[in-house]
There are 10 protein chains.
Amino acid sequence: MLKGIPAILSPELMKILMEMGHGDEIVLADGNFPSASLARRLIRSDGHNIPELLEAILTFFPLDTYVEKPVALMQVVPGDPHSPLIWEQYRSIINKHAGQGTQFEMVDRFEFYGRAKSAYAIVATSESALYGNIILKKGVIK
Amino acid sequence: MLKGIPAILSPELMKILMEMGHGDEIVLADGNFPSASLARRLIRSDGHNIPELLEAILTFFPLDTYVEKPVALMQVVPGDPHSPLIWEQYRSIINKHAGQGTQFEMVDRFEFYGRAKSAYAIVATSESALYGNIILKKGVIK
Amino acid sequence: MLKGIPAILSPELMKILMEMGHGDEIVLADGNFPSASLARRLIRSDGHNIPELLEAILTFFPLDTYVEKPVALMQVVPGDPHSPLIWEQYRSIINKHAGQGTQFEMVDRFEFYGRAKSAYAIVATSESALYGNIILKKGVIK
Amino acid sequence: MLKGIPAILSPELMKILMEMGHGDEIVLADGNFPSASLARRLIRSDGHNIPELLEAILTFFPLDTYVEKPVALMQVVPGDPHSPLIWEQYRSIINKHAGQGTQFEMVDRFEFYGRAKSAYAIVATSESALYGNIILKKGVIK
Amino acid sequence: MLKGIPAILSPELMKILMEMGHGDEIVLADGNFPSASLARRLIRSDGHNIPELLEAILTFFPLDTYVEKPVALMQVVPGDPHSPLIWEQYRSIINKHAGQGTQFEMVDRFEFYGRAKSAYAIVATSESALYGNIILKKGVIK
Amino acid sequence: MLKGIPAILSPELMKILMEMGHGDEIVLADGNFPSASLARRLIRSDGHNIPELLEAILTFFPLDTYVEKPVALMQVVPGDPHSPLIWEQYRSIINKHAGQGTQFEMVDRFEFYGRAKSAYAIVATSESALYGNIILKKGVIK
Amino acid sequence: MLKGIPAILSPELMKILMEMGHGDEIVLADGNFPSASLARRLIRSDGHNIPELLEAILTFFPLDTYVEKPVALMQVVPGDPHSPLIWEQYRSIINKHAGQGTQFEMVDRFEFYGRAKSAYAIVATSESALYGNIILKKGVIK
Amino acid sequence: MLKGIPAILSPELMKILMEMGHGDEIVLADGNFPSASLARRLIRSDGHNIPELLEAILTFFPLDTYVEKPVALMQVVPGDPHSPLIWEQYRSIINKHAGQGTQFEMVDRFEFYGRAKSAYAIVATSESALYGNIILKKGVIK
Amino acid sequence: MLKGIPAILSPELMKILMEMGHGDEIVLADGNFPSASLARRLIRSDGHNIPELLEAILTFFPLDTYVEKPVALMQVVPGDPHSPLIWEQYRSIINKHAGQGTQFEMVDRFEFYGRAKSAYAIVATSESALYGNIILKKGVIK
Amino acid sequence: MLKGIPAILSPELMKILMEMGHGDEIVLADGNFPSASLARRLIRSDGHNIPELLEAILTFFPLDTYVEKPVALMQVVPGDPHSPLIWEQYRSIINKHAGQGTQFEMVDRFEFYGRAKSAYAIVATSESALYGNIILKKGVIK
């Protein structure tokens, strides 16, 4: 533990966040996501939900302002009326850290898997909300 | 994730709990404990407190009934009037899983370090309560 | 060993089952299957048959309810009148844990090898029944 | 699997048995023994009892005829009237393979741990009989 | 060394033979074969010829009865009148263990290299007979 | 790079600082210190001096308030009138982060080597000031 | 540290520079470059800017005189009037070590990533100037 | 060091030469060759020239007599009148060990790189003669 | 395989013989020796007897002429009238390579184990002669 | 290869020389020295003599001026009239780089082995001169 670093960020996760560069992506995956199967680098964060982790990460992690949509979510299956409430939580946390205008890309399930496979890292949480997976693209520190 | 396994137990921790045998010890260490320095095997559980972890572990983990005191705590420094409230939580969780009579051994700080060094594993939590470290000695499955 | 965990599940197998996510597959392979040759991750379970292992695994492992057929078997060679009795055992164990309607996919031998190669893990048993290999696709914990 | 090799012997265990030399010891440990903690080399044999394993091992493994007692058991705690039935099974299997005269050494629990620690390998079974642990000292192939 | 296991079979080779499954291939390569260059798994058997090794292996190793030709040899270069005597030795050893009808596939040198590259293992012997390389396809234990 | 983390802190160093617990020590070593020879964990910080690194580290790293002297320096050889100016820099940086009263322990060269050997990590800088080595003992995050 | 070797060159970097041969490339990457994600071999040089590193490297490292342009920069995005000042620093350092005529290749961002991916090594600095990334192609020692 | 083995042959190089089989290639590379970048297996022989190494290697290493040209050199760039003197040294050493008729293949620079990449090993020398790189194809021991 | 190197010497064994220096010892162990248990470096030579190996090794390996007895054998147990015939073979091979005067040290079994434990390497053969183990101390190449 | 770095210094050796700190020792060992057996870190420099290596190393490597005798040699055995000529070469190279007054410590053979065992590294050369081994203690870069 260190002063000013939230306890939810493990030493290994902090190291990974620091190593990432402009354009690299990190996936915060829910408890059912095939994280261990797809990840180039796997960080386990068992027992945690995504919002508290997202909050801690965005304190340090800049989103990419060179692309239109630096955040990606897994699209609701066409025809499914479900509207994931957790997305509102994400939006509010992201607005707080990265400004109001941040746009979200909606990605189909299998394309999402492809993105996860080439992402720099996947954080395996125990988030139980449906459609809770989220990808963050890293921006630039000036 | 699996049916009936609490999400706070990581795959690695579950594996370690299963590998341990009669008399092996595991340390649930607070956020300031020198876990990485002392551990033969280190499990990180950043962002969690000990009571919720203890509850999940004891669902599966039998305490040693062949010794008088299968649980050890780090003794309050002599002269310090502090009475750790978290111990009551521990007692109540342990009573629930292992029966009323379970006794606690009080161990001096440096002896506690020695026990941690030879323990089978240390789980590094972010528990912030003072004197929160606890050692569990594994019993027998019949 | 732990309370409530069948002894046939090794620590490593339990860890693998926990790590798997939605859509990941595990193969329970018979004693003659080229498990070591094909596996991304290999778990040995020498000396055991598949039914007792399947029973233990399904106590914890949810089958995928998002696909039509979450279980796959290796098809009897066309023209061969053999009707594998062990499939009835599998069906009864699966019905018990996953409900009556669970459907089985029949896969040709070489396609089965392909599936095994990209599965998350293969468990090498000593099952001696013909056509005893079985693939389970993991579902979601809610 | 191979012709004439019992399925309960894993490839790794067979390799270990072959590597051992005159005077090396192997422990067949019950399900509660701290095998993973003590072993120089650990072979898991989850879900199996010791007698079937002992039978398979002694088909290939010669006991040391240069010492008086090439087999060691963990002594019943003084005062405990318990007389382990499983020892009779062991005796009968050993007589069958190594001759009637084979003698057993009775070793106190903590001395037994010391022997296990310096043994060539420990096989972790799920044997549930009390006092089921057994040490075999390898003899000579002529 | 173990009772009933020929000394020429190293612990590592025995382990490999046990791990192989139905359809997996093993190459017994002569002293000039580029074994180390091609092998997925390499077993060295320096100083030995192939016949004595083949004899020992076939004591345990079943040939595949589901294919027409479970044994492959490297074809004599077209136009070369050489008729490898060692093949007669192989035939007699194989007939002894697998029955009279076992057929041999003749494979061109570069196709043989391809087979060797995807074989489960290559055993590098010091066999000096021309055209001495041989591939065995593993069958089924019933 | 991350928001609010000085660029001089490498991902590996940040991870190490986070892993350390109460009482663990870290050595900031000058360019001539035998760091690679003594370190349990070595972090290279070539081309940097110690003051800028110390400043960055103490932004996050609490000093131990449970010991009298949480900082140690390498004692000037008796008889040498040299008074290291860099110590004043250290004192001013430490006062800024840990308060005025922080006391420094003076340690003889060979005892310093012993401390370095059992420290959690050594950071190898290129500091060229004489007597520039410094040990920090980690405190507690409340 | 050694006589005549600038302290900013870490032992690992020096080794890498020595190992490189004619035509191999090294990338000096700025603080936001996705170095860890792309590198075949990664050297961290946190806290440093590129010019001081370039100066130290070129003292030992010959540029390739067999190609027209042995140095590559990341092209300013078309339409962007920005004219990177740091390029003048690079030019002056390179002129000093490799002669006036050395030409620079301008490479588009994604082609630059491709070059970085197949480069022998990437040095991750904390350079903050825009368009500060630079690739050096190694020449010949005569 | 051993009796009859030239000191210039390192233990690792001798091992590699022994492991190679019929048709495998080894590259003796000059000091500027990108050996570390291309090699599947790299042997360093810093400070040595190629002729003395070639002499030592050919004492043990048979050239391939089944191909027309078992030795390959890097072709002089078309138009360059340079005629590498070192080739005469090579020819004389090779004639001495492999007979007068041995022919040399002339390979273009980039094709040479391709051959080096798939060679069994590359020996990185400090040879400074232009066009000094040489590839040897291993023959058969009868 | 190489010209002039006996096929019984594996690449790994040749490498080990070359690495050894003045005073280092190598053990040629019989098939029942606990080689894998004691060896710092283990070379397997399954299926071979010691005399043929000794012959091949001594072609290259100088015995230590600075000690009185550069060869050690395992002493016959006091009282046992057995006179190992294989020693005569050893004596004749050693006389041939190292001269008539070479003396043998007789070492008690447990002291022999101690010597084997600190030897540079142990070669595990399948020698079946009693008292066949032999230690060679390396001499100097001039 | 790099400008100004002698080709005899391998990348690995240069890295080791840079990593060493004040008081660390390096051994330049002759061809018969048990280098591989004793070394914490081993650098092979087969085919080279010590003087040319010593010359290259001392161009960069400062000797320790804080001890009386920063260089150690292996003492001639008492009674042996041999006076190693190579020592004069060493003296002249050392005088050239470190000044006239540098003194040599004479160390008995077994004490020399002890020093080698705890040295930072040993360089295994093929030096054939008697008593050619030499230890250098690293000094300080100011």
Side-chain angles (χ1 to χ4, degrees), chain F residues 1-18 26-39 41-61 86 89 93 116 121-133, chain G residues 1-18 26-39 41-61 86 89 93 116 121-133:
Chain F
M1 301 214 299
L2 290 176
K3 291 188 280 185
I5 310 288
I8 200 176
L9 297 178
S10 71
E12 185 68 20
L13 176 51
M14 196 68 181
K15 174 170 172 282
I16 291 258
L17 295 174
M18 290 176 76
I26 191 166
V27 183
L28 309 190
D30 67 33
N32 287 304
F33 194 78
S35 299
S37 184
L38 297 173
R41 292 173 190 81
L42 179 66
I43 305 290
R44 296 210 65 93
S45 191
D46 299 278
H48 292 295
N49 292 317
I50 292 181
E52 55 183 325
L53 195 65
L54 183 62
E55 172 71 41
I57 288 173
L58 289 181
T59 309
F60 300 99
F61 188 93
I86 200 169
Q89 276 185 274
I93 295 167
I122 300 178
V123 187
T125 73
S126 299
E127 177 60 59
S128 61
L130 288 173
Y131 296 102
N133 301 299
Chain G
M1 302 212 301
L2 291 176
K3 291 188 279 183
I5 310 287
I8 199 176
L9 297 178
S10 71
E12 184 68 20
L13 175 51
M14 196 68 182
K15 175 169 172 282
I16 291 257
L17 295 173
M18 290 177 77
I26 190 167
V27 183
L28 310 190
D30 67 31
N32 286 304
F33 195 78
S35 299
S37 184
L38 297 173
R41 291 172 191 82
L42 179 66
I43 306 290
R44 297 209 66 94
S45 191
D46 298 279
H48 291 296
N49 293 318
I50 293 181
E52 56 184 324
L53 195 66
L54 182 62
E55 173 69 41
I57 287 174
L58 288 180
T59 309
F60 300 98
F61 188 93
I86 200 169
Q89 274 185 276
I93 294 166
I122 299 179
V123 187
T125 72
S126 299
E127 177 60 59
S128 61
L130 289 173
Y131 297 102
N133 300 299

Closest non-hydrogen atom pair, G/M1 against F/G31: CG-O, 3.3 Å
Considering all heavy atoms, the nearest G/A116-G/V27 contact: CA-CG2, 3.9 Å
F/L130: side chain to side chain contact (heavy atoms under 4.5 Å, CB included) partners, not counting sequence neighbours: F/H82
Which atom of G/A121 lies closest to which atom of G/I16, heavy atoms considered: CB-CG2, 3.7 Å
Counterpart residues, side chain to side chain contact (heavy atoms under 4.5 Å, CB included), relative to G/I5 (two or more places apart): G/L2, G/L9, G/M14, G/F60, J/I5, J/M14, J/M18, J/F60
Quick check - list every chain G-chain F donor-acceptor pair under 3.5 angstrom, one line each.
| residue | atom | partner | partner atom | Å |
| --- | --- | --- | --- | --- |
| G/A7 | O | F/G47 | N | 3.4 |
| G/D46 | O | F/H48 | NE2 | 2.7 |
| G/G47 | N | F/A7 | O | 3.4 |
| G/H48 | NE2 | F/D46 | O | 2.7 |
| G/H48 | NE2 | F/H48 | NE2 | 3.0 |

Side-chain touch F/L28/F/I57, heavy atoms, less than 4.5 angstrom: yes
